[in-house]
Amino acid sequence: MKILGIESSCDETAISVTENGRTVLSNIVASQIDEHRLYGGVVPEIASRRHAENISWVAKAALEEANCTMDDIDAIAVTYAPGLIGALLVGVSFAKGLAMSTKKPLVPVHHIAGHIASNYISHPDLEPPYLCLVASGGHSHIVEVKDYTHYHVVGRTRDDAAGECFDKVARTLGYEYPGGKFIDAAAKLGDPKAYDLPKPRVQGSEYDLSFSGLKTAVINLVHNAEQKGTPIDREGMAASFQATVARALVDKTMLAAEHLGYKTIGLAGGVSANSGVRELLQKECDKRGFKVYMPELKYCGDNGAMISCQGYYDYLAGKRADGSLNGIATLSLDAISE
Ligand code: KG4
Ligand code: ZN
């Protein structure tokens, strides 16, 4: 079964064709990052306009690369939540038009469910149930993946998402937006013990995360150094910061896995590309005899394949949308699992 998956929730117009939920036949990503970089972040109005300009040719290219036409496609999957509303609406409207004109089923897909599904592409043996750490630019969750379409979020960030924190710290250290990958590269050259940064702490829920205190600590250290005219060890700061974030994400995930009885762990979202997070998660899982699954680097960031893949499982579960489908800016995974 072939699914055309459409993703436009943020700054990537991405469309893919997958077969039976696991095999990627094409994966086209039109990134707008060069334009948003000029403003230091994603400008929603520009994102919507670029999606509108790009979506038709991206769809055409995805079909061509998969060597098929719309006649070969069995269903159209589209990200409808969460994300930038104007950006989501471009993908949703395009998908609705395509579904209506070709009389194909339309399947609404949750963006974070899509990130979680990115692991099905690279790991044919991965099947729910398992525990997944999802860390992206907008979300940081520890999720029980109960089956292919039911989730329970057991931990979430109380403030900034991990990726957001990477980007803000990167900006403070003088790196371009989005700075996660620059911190990752710099951290490889620095000493993770160069700076003693506060460990993120959260009162109340044992699996929740918090990154704003850590972010503020880095910003204050850098500004104080600037005022005193003392140099900042950028690589050392990047390494110390990355090690602290990785430790917080991985420790909470291990704690939740041990308490809830999971021995299979997934990692997903843009921050899953981070080498420090990947290495520490692998190490801690190996120590406990847990099996760990991480997406290939090309499926860590936003892409159409993950939406197409999740769309297959949502299709099998009977999820369908009609011409009234709308974009939703905020929608939790728990809300779609009832
Ligand atoms: O999942 P994603 O592509 O978009 C959202 O759904 O938010 O995540 C983007 C985030 C950005 O904050 C970016 O800086 C971060 O993922 N990111 C990284 C790395 N590559 C991307 N963060 C740390 N290390 C990386 N190597
Ligand atoms: Zn994403």
TODO: For side chain to side chain contact (heavy atoms under 4.5 Å, CB included), just list the numbers for Y299 and H115, CA-CA rounded to whole Å, side-chain angles, deciding distance to a tenth of an Å, and then say yes or no.
DONE: CA-CA 8 Å; Y299 299 126; H115 273 300; over 6 Å; no

- [ ] Given side chain to side chain contact (heavy atoms under 4.5 Å, CB included), test L89 with N326 step by step and report yes or no.
- [x] CA-CA 7 Å; L89 285 174; N326 207 341; 3.4 Å; yes

TODO: Let me see the working for R50 and T13 under side chain to side chain contact (heavy atoms under 4.5 Å, CB included), right down to the final yes or no.
DONE: CA-CA 8 Å; R50 296 299 165 257; T13 319; 5.6 Å; no

TODO: Test D314 against T149 for side chain to side chain donor-acceptor pair (under 3.5 Å), laying out the working first.
DONE: CA-CA 6 Å; D314 284 340; T149 54; 5.3 Å; no

Open item on the list: Between N303 and E12, is the side chain to side chain contact (heavy atoms under 4.5 Å, CB included) condition met? List the steps.
Closed with: CA-CA 7 Å; N303 64 86; E12 259 101 27; over 6 Å; no

Task: Full working for side chain to side chain donor-acceptor pair (under 3.5 Å) between H223 and N220 - done: CA-CA 5 Å; H223 287 171; N220 288 344; 5.3 Å; no

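The pair E279-K283 does not meet the salt-bridge criterion, since no charged nitrogen lies less than 4.0 angstrom from a carboxylate oxygen. With respect to D167 and K181, no salt bridge is recorded, no charged nitrogen being found less than 4.0 Å from a carboxylate O. Ion pair R247/E284 flagged as a salt bridge, since at least one NZ, NE, NH1 or NH2 atom sits closer than 4.0 Å to an Asp/Glu carboxylate oxygen.
Here F211 pairs with nothing under the ring pair (Phe, Tyr, Trp, His ring centres under 6.0 Å) rule; sequence neighbours left out. For R278, there are no salt bridge (Lys or Arg N to Asp or Glu O under 4.0 Å) partners, not counting sequence neighbours. Taking the ring pair (Phe, Tyr, Trp, His ring centres under 6.0 Å) definition, one finds that H123 meets it with Y293, sequence neighbours left out. The side-chain hydrogen bond (donor to acceptor under 3.5 Å, both in side chains) test applied to E296 returns S122, not counting sequence neighbours. Residues satisfying the ring pair (Phe, Tyr, Trp, His ring centres under 6.0 Å) test with H110, not counting sequence neighbours, are none. Judged as a side-chain hydrogen bond (donor to acceptor under 3.5 Å, both in side chains), and not counting sequence neighbours, the contacts of S308 are T18. For S210, the side-chain hydrogen bond (donor to acceptor under 3.5 Å, both in side chains) criterion is met by D159, not counting sequence neighbours. Legend: residues meeting ring pair (Phe, Tyr, Trp, His ring centres under 6.0 Å) with Y313, ordered by chain and number and at least two apart, are Y120, Y148.
Side-chain contact between V107 and I3 is absent, with no heavy atoms from C-beta onward closer than 4.5 Å. Within the 4.5 Å cutoff, the side chain of K291 has no heavy atoms near those of the Y130 side chain. By the 4.5 Å heavy-atom criterion applied to side chains, D208 and R156 are counted as neighbours. With a 4.5 Å cut-off on side-chain heavy atoms, S337 and H150 count as touching. The shortest side-chain heavy-atom distance between V42 and Y177 falls under the 4.5 Å cut-off. Within the 4.5 Å cutoff, side-chain heavy atoms of R37 are placed close to those of P178.
With values rounded to the nearest 0.5 angstrom, K287 atom NZ is found 13.0 Å from Q282 atom CD. Atom CG of N274 and atom CD of Q242 lie 4.0 Å apart (nearest 0.5 Å). Taken from NZ in K168 to CG in L173, the straight-line distance is 14.5 Å, to the nearest 0.5 Å. Taken from CG in L106 to CG in L98, the straight-line distance is 9.0 Å, to the nearest 0.5 Å. A distance of 3.5 Å separates NE2 of H111 from CG of D302, quoted to the nearest 0.5 Å. Atom CD1 in I116 sits 11.5 Å away from atom OG in S272 (nearest 0.5 Å).
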Please report, to 0.1 Å, the donor-acceptor pairs under 3.5 Å made by any side chain of residues 71-87, with sequence neighbours excluded.
from : atom 1 : to  : atom 2 : distance (Å)
D72  : OD2    : T69 : N      : 2.8
D74  : OD2    : K2  : N      : 2.7
T79  : OG1    : I6  : O      : 3.4
T79  : OG1    : E7  : OE1    : 2.7

Show every donor-acceptor pair shorter than 3.5 Å between a side-chain atom in residues 254-268 and any protein atom, with sequence neighbours excluded, or say none if there are none.
from : atom 1 : to   : atom 2 : distance (Å)
E258 : OE2    : R288 : NE     : 2.5
H259 : ND1    : Y207 : OH     : 2.9
Y262 : OH     : E144 : OE2    : 2.5

Could you list the donor-acceptor pairs under 3.5 angstrom formed by side chains in residues 191-202, with sequence neighbours left out?
from : atom 1 : to   : atom 2 : distance (Å)
D191 : OD1    : K193 : N      : 2.8
Y195 : OH     : D233 : N      : 3.1

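Checking side-chain atoms of S26 against main-chain N and O of A62 turns up a donor-acceptor pair under 3.5 Å. With hydrogens and angles disregarded, a donor-acceptor distance shorter than 3.5 Å links the side chain of K96 to the backbone of L325. In this structure, the side chain of E235 does not engage the main chain of A186 through any donor-acceptor pair within 3.5 Å. Side chain of S48 to main chain of P44: a donor-acceptor pair is present (N/O by atom type, distance under 3.5 Å, no hydrogens or angles).
The neighbour count for R171 CZ, taken as heavy atoms of other residues, nucleotides or ligands under 6.0 Å away, does not exceed 12. Sparse packing is recorded around NZ of K298, with 12 or fewer heavy atoms of other residues, nucleotides or ligands lying under 6.0 Å away. Other residues, nucleotides and ligands contribute over 12 non-hydrogen atoms within 6.0 Å of the CZ atom of R158. Applying the 6.0 Å contact sphere to NZ of K60 captures no more than 12 heavy atoms from other residues, nucleotides or ligands.
Hydrophobic clustering, with ILVMFWY side chains joined whenever heavy atoms are under 4.5 angstrom apart, keeps L209 apart from V143. Linking Ile, Leu, Val, Met, Phe, Trp and Tyr whenever their side-chain heavy atoms come within less than 4.5 Å leaves I121 and Y312 in two separate clusters. Both I328 and Y151 sit in one connected hydrophobic cluster of ILVMFWY residues. Membership requires side-chain heavy atoms under 4.5 Å apart, directly or through other members. If you chain together hydrophobic residues whose side chains sit under 4.5 Å apart, M1 and L25 fall into the same group. Connection of L131 to I112 is not established within any shared hydrophobic cluster, with ILVMFWY side chains joined at heavy-atom distances below 4.5 Å, either directly or through further cluster members.
For the residue pair D160 and S212, no side-chain donor N or O sits within less than 3.5 Å of a side-chain acceptor on the partner. Side-chain contact of S332 with D334: a donor-acceptor pair under 3.5 Å is absent, judged by distance alone.
Sorted by first then second residue, the ring pair (Phe, Tyr, Trp, His ring centres under 6.0 Å) pairs that include residues 31-73, not counting sequence neighbours, number zero.
The side-chain tip of R320 points at the ring of Y315 from less than 6.0 angstrom away and within 45° of straight on.
In plain terms, the two heavy atoms of K146 and P128 that are nearest each other are O-CB, 3.9 Å. Of all the heavy atoms in C309 and G21, the pair that sits closest is SG-O, 2.5 Å.
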